[in-house]
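Below, read A as the first sequence line, B as the second, and so on, with proteins coming before strands; counting in each chain starts at 1. Just so it is clear, the structure is predicted and the values come from calculations on it, not from any experiment.
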Amino acid sequence: MNGFDETDAFEAAIPLSQRAMAARPQPYLDDLNPAQRAAVLALDGPVLMLAGAGTGKTKALTSRIVHLLATGKARPNEILAVTFTNKAAREMKERVARMLGQSVEGMPWMGTFHSISVKILRRHAELAGLKSNFTILDTDDQLRLMKQLIVAANIDEKRWPARMLAGLIDSWKNRAWTPAKVPSSEASAYNNRGTELYQQYQDRLRALNACDFGDLLLHVVTLFQAHPDILAQYQRWLKYILVDEYQDTNVAQYLWLRLLAQAHRNICCVGDDDQSIYGWRGAEVGNILRFEKDFPGAEVVRLEQNYRSTEHILAAASGVISGNSDRLGKTLWTEAKGGEKVRLIGHWDGEEEARWIGDEVEALQRGSRSMEAQSLDHMAILVRASHQMRAFEDRFLTIGLPYRVIGGPRFYERLEIRDAMAYFRLAVSPDDDLAFERVVNTPKRGLGDKAQQEIQKTARASGMSLLEGARELLARGGIGGKGAGQLRAFVDGVDRWHAAILNARPEVADAVIEPMVPDAVPQSDMGHVRLAEVILEESGYTSMWQNDKTPEAAGRLENLKELVKALEQFDSLQGFLEHVSLIMENDTEEAAEKVTIMTLHGAKGLEFPVVFLPGWEDGLFPSQRSMNESGQKGLEEERRLAYVGITRAERLCTISFAANRRVYGQWQSQLPSRFIDELPVPHVDVLTPPGLYGGGYGAAGMGGGSRIEERATKADVYNSPGWRRLQDRSATRPISQPRESKQQVIDLDAVSSFTEGDRVFHTKFGYGTVAAIEGDKLDIAFDKAGVKKIIARFVVPAHEADDVPF
DNA sequence: TGCTTTTGCATTTTT
DNA sequence: TGCAAAAGCA
């Protein structure tokens, strides 16, 4: 048992001289506005800081920490400061350090819910039925485990997918329900077998000495509930609690906090109910709405002065969010007057929208608008769903506009990285069965389903790990032919690597707590880095990719190299594994200037001078699914998402929608988002239909390039049903010209305007792609009709043809 | 076992 | 439409 050695966290060196701090003047207070100062000064008792977008919440939060230290109310190791993301935790650390003028190594309780939970849980693992060196499973492992249970339970995995079970169990854990506590109202979940499988899953996890993410919080909560003495110790230690993004807490996190805070009640929650956008993953807006009831006598401070956006942008955002009920209510204001109104523009279809935004980005980059030239880094396109990104990527690729997509696959989620990590896990703990399964036949060792099932059976029969099972199977010759030799080599390899780890650092044999984030100087022994290379070499994993001739192989080897390099910053393999299981991020900040494309969710907490918000169409945004599944609640969350989107913009915010959009390959006519009607008219500029300048088919300047500057004089144009206007537009928009002249336009430009790869439409053959060009004849690969040779003037660019009948 | 064809499906995502 | 996973085939 490793009870309270009181080593790292509690007895950590306290780098600050309390007396010096207390005597020092407090210049950080002068930097704050009255509301911020009030939030900082109210150190004792419960405080709810309602911080609107861009109101300097992090500043207030960090000042508060500094103030706690400066007044001597708390020592650095007595402050619990919780965030959701590692990024937020890092930022807070950096800012506190900067304000103090020294490092925050003495603040061990500043981190994410999960990282702090791990720290607590490792100390008391045995009380949760685990060993302190438990592993943290990733989603992959989780699903694999559940699949096994589902198969074992004779459930048709088609009808009841593992994903569904995973989601269900996750939602239960978010509500802090252990299997025993799942209410009977949930009994019908997952074909009536949800609770049963949940129990089995937890049993399996315990047997594997593993946790999933939900467990980290859940175990801590149940631990605190079952052991008041332990809870009391933490309550005594953690005198002051600060919580960021409180509106995003789920029930488990809420209980976690309440348990820790209930003794001294020095809890300061910072959040914005209007920015609660994670209800679908368990966040309870109710937590923040209920704060004053939970903590009677709480001081509520509103930060409403906004330092980010222009008044028009704020007014537009306020107008939209005011449509929600159940708000705590805030009114953002700014001293900055003037600026551009929020721009609103409708487009014919999604492609045109992408084209127009691309052109706008370029115009802004050149500085040809009323704004000085803007770096691409200052511009962002924020979409509701990631599939919307494609249109922009396509367009930006064709015009050569550098962009970055945030939210792609992460480094640590890549196949090769997970494989390599599984090898490391196996080396660290050879009884990690999930890791074993993952790599026992990667690279191919001739161990197919049959051989693996034999191993499983042997292991299960004598209740040992898969590695031991394999060992025994080999010993009694239960496995034949070529697989045997390779399995032998694999088992020996794992033994060797494990021995190497024990050798290098004998003291970690029983998994003493490793520092969570290994700061600063790595130890001089390069043992584990070399060992990692050796593992990848000896296992044949590296050569597997070297022999692979697919185009991705080179990249994968690169990634592996990067992984090994990342190891250098840690002082052991297990320290690294711990870090990675909690920190799944890839923040490769590239130097080159690029426009950012990301989801609205991903944009929370960020800001950009110029923001584009495309796809404001009912069904897409607000998302139909959200409304179907969660009704009014869903709609309100979507509205908050709109609010988040608008408030990301500092100076220029452009909202757009398209009349037609291809949804799963089908053309659909779209209605402008209902949120558009909620934009307050005086703060919106309605742009008339865009001209086509530099558009696709070589007709630069043709359609009257300056049309873009025209603005509707009647601001309420968009109050009329938007789609009617769009119908009108379909008749008058410059590029289509009056119908009769269309043919002529094509005649003039057909030959030069098509290039290979263009999408075209033919009245008889339908849609196709230009495969080759010979003079005025095109080889076109039609989607339905095969390849045909067509005279150019008989086809039109595909987007020209998309006059969807109303 | 590995490749090709077919089918089914399709928000938002952190830890 | 386009992708990923599963079935089907050599």
Side-chain angles (χ1 to χ4, degrees), chain A residues 82-89 111-118 136-139 142-143 147 157-159 161-163 167 170 173-174 211-218 245 248-250 252-253 276-283 350 382-391 394 406-410 412-413 441 443-451 482-483 516 550 578-586 598-605 615 619-630 634 637-638 640-642 644-645 661-668 759 767 769 783-784 798:
Chain A
V82 214
T83 62
F84 274 84
T85 65
N86 292 295
K87 195 172 158 220
T112 62
F113 277 102
H114 294 269
S115 69
I116 291 168
S117 295
V118 171
I136 301 163
L137 298 193
D138 57 38
T139 329
Q142 251 182 79
L143 278 173
K147 265 184 198 156
E157 217 217 301
K158 284 273 154 49
R159 292 191 52 199
R163 292 211 151 278
D170 197 48
K173 286 185 177 174
N174 285 340
C211 270
D212 63 20
F213 283 116
D215 283 338
L216 296 177
L217 290 152
L218 181 57
E245 305 281 18
D248 287 340
T249 49
N250 59 34
Q253 286 154 342
S276 163
I277 54 174
Y278 285 109
W280 51 275
R281 67 176 197 212
L382 309 180
V383 297
R384 172 69 247 261
S386 46
H387 63 77
Q388 292 171 260
M389 295 176 179
R390 194 201 194 97
D394 285 353
I406 310 279
R410 298 140 199 270
Y412 289 109
E413 279 172 5
N441 200 31
K444 298 279 175 277
R445 296 196 174 86
L447 300 162
D449 276 353
K450 214 174 53 193
K482 63 171 182 171
M516 198 116 23
T550 55
E578 173 82 285
H579 175 80
V580 168
S581 58
L582 286 171
I583 302 181
M584 302 282 263
E585 64 186 24
N586 55 340
M598 68 197 307
T599 63
L600 287 162
H601 284 92
K604 193 169 82 150
L620 184 58
F621 186 46
S623 127
Q624 192 58 52
R625 190 152 165 187
S626 188
M627 292 188 291
N628 291 347
E629 282 172 13
S630 316
E637 183 154 311
E638 296 285 306
R640 291 192 290 266
L641 208 42
V644 168
R661 200 173 284 277
R662 207 163 20 189
V663 182
Y664 306 139
Q666 302 287 94
W667 280 100
Q668 257 182 24
R759 293 287 294 162
Y767 290 94
T769 305
D783 300 349
K784 297 271 158 60

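- Under the 4.5 Å side-chain criterion, counting only non-hydrogen atoms from C-beta, A:Gln388 is in contact with A:Leu620.
- Using a 4.0 Å heavy-atom distance criterion, A:Gln253 is classed as making no nucleic acid contact.
- Summarising the geometry, the separation between OH on A:Tyr664 and P on C:dA4 is reported as 15 Å, rounded to the nearest angstrom.
- Searching all strands for a Watson-Crick or G-U wobble partner of C:dA5 with both distances below 3.5 Å returns B:dT6.
- By the 4.5 Å heavy-atom criterion applied to side chains, A:Glu629 and A:Trp280 are not counted as neighbours.
- Annotation for A:Ser276 and A:Arg640: closest pair O-NE, 2.6 Å, computed over non-hydrogen atoms.
- If you measure from atom CZ of A:Arg625 to atom P of B:dA10, you get 6 Å, rounded to the nearest angstrom.
- Looking at heavy-atom distances under 4.0 Å, A:Lys604 makes no contact with the nucleic acid at all.
- Checking the phosphate oxygens (OP1, OP2) of B:dT13, a side-chain nitrogen or oxygen of A:Thr599 falls inside 4.0 Å.
- Separating the NZ atom of A:Lys173 from the C1' atom of B:dT14 is a distance of 16 Å, rounded to the nearest angstrom.
- In this structure, A:Arg390 places its CZ atom 14 Å from P of B:dT11, rounding to the nearest Å.
- Taking atom CD of residue A:Glu157 and atom C1' of nucleotide C:dA7, one finds them 14 Å apart after rounding to whole Å.
- Looking at heavy-atom distances under 4.0 Å, A:Phe84 makes contact with sugar-phosphate atoms alone, never a base.
- At B:dT12, one or more side-chain N or O atoms of A:Ser386 fall inside 4.0 Å of OP1 or OP2 (strictly under the cut-off).
- Ring geometry, A:His601 versus A:Tyr278: the interplanar angle falls from 30° to 60°, so the pair is classed tilted.
- Using a 4.0 Å heavy-atom cutoff across all strands shown, A:Thr85 reaches sugar-phosphate atoms only and no base atom.
- Comparing A:Gly446 and A:Glu638 along DNA chain B, the residue whose closest nucleotide (by nearest heavy atom) sits nearer the 5' end is A:Gly446.
- A residue-by-residue look at A:Gly665 and A:Lys444 shows that A:Lys444 has its nearest nucleotide of DNA chain B further toward the 5' end.
- Comparing B:dT11, B:dT13, B:dT1 by their nearest atom to the side chain of A:His601 picks out B:dT13.
- Evaluation of atom-type donor-acceptor distances gives a pair under 3.5 Å for the side chain of A:Arg384 against the base of B:dT12.
- In this structure, A:Lys158 does not reach the B:dC9 phosphate: none of its side-chain N or O atoms is under 4.0 Å from OP1 or OP2.
- Residue side chain A:Tyr278 fails the stacking definition with respect to B:dT14, as its ring centre and the base's six-membered ring centre are not both under 5.5 angstrom apart and under 30 degrees in plane angle.
- With hydrogens and angles ignored, the 3.5 Å screen pairs a side-chain donor or acceptor of A:Asp215 with a backbone N or O of A:Asp212.
- Separation of the C1' atoms belonging to C:dA6 and B:dT11 is 24 Å when rounded to the nearest angstrom.
- A:Leu143 has its CG atom 16 Å from the P atom of C:dA4, to the nearest Å.
- Only the C1' atoms considered, C:dC3 is 24 Å distant from B:dT14, to the nearest whole Å.
- Here the C1' atom of nucleotide B:dA10 and the CD atom of A:Gln388 are 13 Å apart, to the nearest Å.
- Look at A:Asn86 and you won't find any side-chain N or O under 4.0 angstrom from OP1 or OP2 of B:dT14.
- In this structure, A:Arg662 places its CZ atom 7 Å from P of C:dG2, rounding to the nearest Å.
- In this structure, the side chains of A:Ile136 and A:Glu578 come closer than 4.5 Å at one or more pairs of heavy atoms.
- Nucleotide B:dT12 forms no Watson-Crick or G-U wobble pair with any nucleotide shown, as no partner meets the under 3.5 Å limit on both distances.
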